[in-house]
Amino acid sequence: FSGGDFEIDIAGEKYTGLDGVAEYTPDIIIADIDFPGYTGFDVLDGIRERGLIIPVVITGDASAKNILRAFRNKATDYFTKPLNAAQLHKKIVELFSRRREEREQLDKENMEKLLRNMEQNNKELSTLLKITSSFNVSGNSKKELLNRLTEVAAESMSCEAASIMLINERKSALEFVVATGEKKTRLETMAVPMGEGIAGWVALNGEPQIVNNTAKDSRFTGSVDKESGFQTRQILAVPLRLDGKIIGVLEVINTRDKRILTVNDQRKLTDIGERAATVIETARVIEDQQNFYVQTTNIIVKAIEKKDIFSIGHPWQVAELCHRMSVKMPLSDTERSDLHFGALLHDIGKLEMPGMLFNKRSLSERELEFIRQHPVKGAKLLEPITIWNGVVPYVLYHHEAWDGSGYPFGRSGDSIPLGARIINLAEAFSVMRSPNSYKRRMSIKEAILEVKRMSGKQFDPDIVKVFISVLEKDITIK
C-alpha cells in the first residue's frame, strides 16, 4: 500500500539483524512471525534487549498462542493474515502521528533543558566577568590580563623584569606565558623542566624563594639567561596556587636600585600571585563558557535544520552574509557578535511548532498565520538567556519590512533594529538562492534584481547598497 506522508523501506541487507535497525532507527517496524531467518518474535526480543523505543506491529496467523506471545513481548499491535490493508494503513498512520508528536515533545523538552542549562552557565559567566572587571580588564584576553599583572609586579617592586610561567603537566615543564622587560619576546617562547632552576624548584616544592645572589645558589643553572641573553642577578619567585594546587610560578628579576629583596617583597608578590591565579582560572573558565555557547548554538541550529528540511544550511548562509555586510558598517564588536548569533538563531521559534508545517509545499492561510508567530516564540525562548539579550530584538523583528508590510507587528523604517534589517535581507537572499527552498531557485542575477526591486519596500535602501557592494567584490553576475 502507499505510504502517503511516510516512506516504506523493505528489510534488506542494511537491516541485517537488529544492528541495522539500531543504526537506521525506523519510526515503525512491521514484522511477520514467519519471516525467514529473523522472525517477528526475534525482532521483539532484539528491540527489548537493546533498549530501543520503536513501535513493532506483528503480522501472523490467528493462533491465540502467537497473539499472546506477541503482546507479552510488548508488540504494539497484531494483525492476522490475510491482512486488511486499509486497517493496517490506518494503524500505521496513527502510530506515525503519535511517534512524531512524541519526538517533537522530546525535542521541546530537550531544548528547554538545554536553555535552562545555558541560563545557569550564563549566571556563572556573569560572576566571572565581575571578578575580571575588578581588575578593570574584563574585556581583555587572558594574556592581556596576565601582562597587566606582571607589569604591576615589576613596577611595584622596581624590578627590571617579571614573568608568569604555567605548568604544562603533559610536558612536565614550566612554560613562560607572559614576561616584561627587554627580552620578553624571546622568553615567551621558552620552557623550563619541572624542578630545574629556581622557578622549577618553586613549582615542584610549592615554597617561595628569595635569591639575592644567583651566582651563589646551586639551583640556578643560567640556561634561560643563555637562551634569552638576559643576565639574572636576583630572583624572587612565588608559587601560583588554585584550590590548593600549584599551577605555575610568578617571579620578578633584578631590583633596579640594586636593593636587597626582602620578606616584605615576598608578601607583596604573593598577593599579586593570588590575583594572577584567580585571573588565570577566570580566563580559562570564560574561554570554556564561550566555547559552550558556540557549541550550544550549533546544536540548536542543527535542531532547527532538522525541524525544517528546507532550511538545511540556511542559518549558516545568513550568518555569513550578515558578517560580510557588518564589516562594511560602523558596528562595535558586541553588535557584530549579537548579529552573528541572531543570524544563526533567527528561526529558533520554529522549534516551538510542529515540524510538518515547515515541510509542506503549500499551506493554508491559517497555517501561514501560525508560522508567522515564530519570531515571537523565538524571542521568548531566548529572553531568559542574559548573554543573548542583544540577540532577542533581531530574532523578534527579522521579518519586519522597511515599508511596514512585514510581521509580526508591522514595524517600519528605523523602528526596526538595524541587526534585524540586516538579517531580513540576508535571509531573503539565502531563500532566493537556495536549492532547498519551497520556491524556484533564482539565479544570482535574478536574486540581485529582486533585492533592488524590493529596496525601500521590504529592505532598508542603505543596507541594500552595502549588500550589493559586498556581492560585487565576490561574484560575476550571471
Side-chain angles (χ1 to χ4, degrees), residues 142-143 145-277 279-281 283-284:
K142 179 174 72 177
K143 189 164 184 176
L145 298 173
L146 297 180
N147 259 323
R148 184 72 61 85
L149 284 169
T150 52
E151 288 170 0
V152 168
E155 289 170 9
S156 65
M157 276 172 276
S158 188
C159 287
E160 293 178 3
S163 62
I164 290 177
M165 293 171 276
L166 297 181
I167 295 173
N168 184 324
E169 294 182 349
R170 185 172 58 83
K171 295 181 179 179
S172 190
L174 277 171
E175 295 179 337
F176 283 87
V177 178
V178 291
T180 67
E182 296 177 0
K183 307 297 182 180
K184 64 173 292 182
T185 304
R186 182 72 187 93
L187 281 171
E188 289 177 3
T189 65
M190 297 173 62
V192 176
M194 287 289 287
E196 183 177 300
I198 294 168
W201 188 94
V202 170
L204 194 63
N205 293 276
E207 296 178 12
Q209 291 293 294
I210 300 173
V211 179
N212 279 301
N213 188 347
T214 56
K216 292 184 178 181
D217 195 302
S218 60
R219 296 169 298 181
F220 182 72
T221 64
S223 59
V224 174
D225 282 6
K226 289 173 186 175
E227 287 194 51
S228 67
F230 193 82
Q231 184 179 359
T232 303
R233 302 183 307 274
Q234 297 169 288
I235 294 178
L236 167 56
V238 298
L240 299 177
R241 284 189 173 88
L242 191 68
D243 297 328
K245 181 181 178 181
I246 298 170
I247 62 169
V249 174
L250 168 63
E251 64 178 12
V252 289
I253 310 293
N254 301 347
T255 56
R256 294 184 185 278
D257 54 4
K258 309 294 191 247
R259 68 180 179 83
I260 298 298
L261 290 164
T262 66
V263 173
N264 188 48
D265 293 316
Q266 178 183 309
R267 281 195 293 267
K268 191 182 295 186
L269 192 62
T270 298
D271 181 56
I272 295 172
E274 288 174 357
R275 299 185 189 186
V279 168
I280 289 164
E281 180 60 14
R284 282 178 178 171

Open item on the list: With rounding to the nearest 0.5 angstrom, report the CG to CZ distance, Asn254 to Phe230.
Closed with: 5.0 Å
Task: Main-chain N/O of Ala153 paired to Ser156 side chain as donor or acceptor, under 3.5 Å - done: yes
Task: Check: Asp265 side chain, Thr262 main-chain N or O, donor-acceptor pair, under 3.5 Å - done: yes
Task: Residue that, paired with Gln266, satisfies side-chain contact (heavy atoms from CB on, under 4.5 Å) out of Leu269, Thr270, Asn264 - done: Thr270
- [ ] For residues Gln234 and Glu160, determine if any side-chain heavy atom of one lies less than 4.5 Å from a side-chain heavy atom of the other.
- [x] no
TODO: Check whether any side-chain N or O of Asn168 sits under 3.5 Å from a backbone N or O of Ala173 as a donor-acceptor pair, and report yes or no.
DONE: no
- [ ] Working to the nearest 0.5 Å, report the span between NZ of Lys268 and CE of Met157.
- [x] 6.5 Å
Open item on the list: Does any part of the side chain of Ile198, heavy atoms only, come nearer than 4.5 Å to the side chain of Val249, both counted from C-beta?
Closed with: no
TODO: Under the side chain to side chain contact (heavy atoms under 4.5 Å, CB included) rule, what do Ile167 and Ile247 come out as? Steps first, then yes or no, please.
DONE: CA-CA 6 Å; Ile167 295 173; Ile247 62 169; 5.7 Å; no
TODO: Evaluate side chain to side chain contact (heavy atoms under 4.5 Å, CB included) for Leu174 paired with Met194, printing each intermediate quantity in order.
DONE: CA-CA 6 Å; Leu174 277 171; Met194 287 289 287; 4.2 Å; yes
Donor-acceptor pairs are to be reported for all side-chain atoms of residues 219-226 against protein atoms at under 3.5 Å, with residues two or more places apart or in another chain.
unit_1 : atom_1 : unit_2 : atom_2 : d
Arg219 : NE     : Asp217 : OD1    : 3.1
Arg219 : NH1    : Gln209 : OE1    : 2.9
Arg219 : NH2    : Gln209 : OE1    : 2.9
Arg219 : NH2    : Asp217 : OD2    : 2.9
Thr221 : OG1    : Ser223 : N      : 3.3
Thr221 : OG1    : Ser223 : OG     : 3.1
Asp225 : OD1    : Thr232 : OG1    : 2.8
Asp225 : OD2    : Thr232 : N      : 2.8
Asp225 : OD2    : Thr232 : OG1    : 3.3

Task: Gap separating the CD1 atom of Ile235 from the SG atom of Cys159, nearest 0.5 angstrom - done: 11.0 Å
Task: Heavy-atom check, side chain of Asn213 versus side chain of Arg233, under 4.5 Å - done: no
Task: Evaluation steps, side chain to side chain contact (heavy atoms under 4.5 Å, CB included), between Ile246 and Leu240 - done: CA-CA 6 Å; Ile246 298 170; Leu240 299 177; over 6 Å; no
Task: Side-chain heavy atoms of Ile210 within contact of Leu236, under 4.5 Å - done: yes
Task: Point-to-point distance, once rounded to the nearest 0.5 Å, from OG1 of Thr180 to CD of Glu155 - done: 8.5 Å
Open item on the list: Test your reading of the model: is there a side-chain donor-acceptor pair from Thr150 to the backbone of Ala179, 3.5 Å cut-off?
Closed with: no
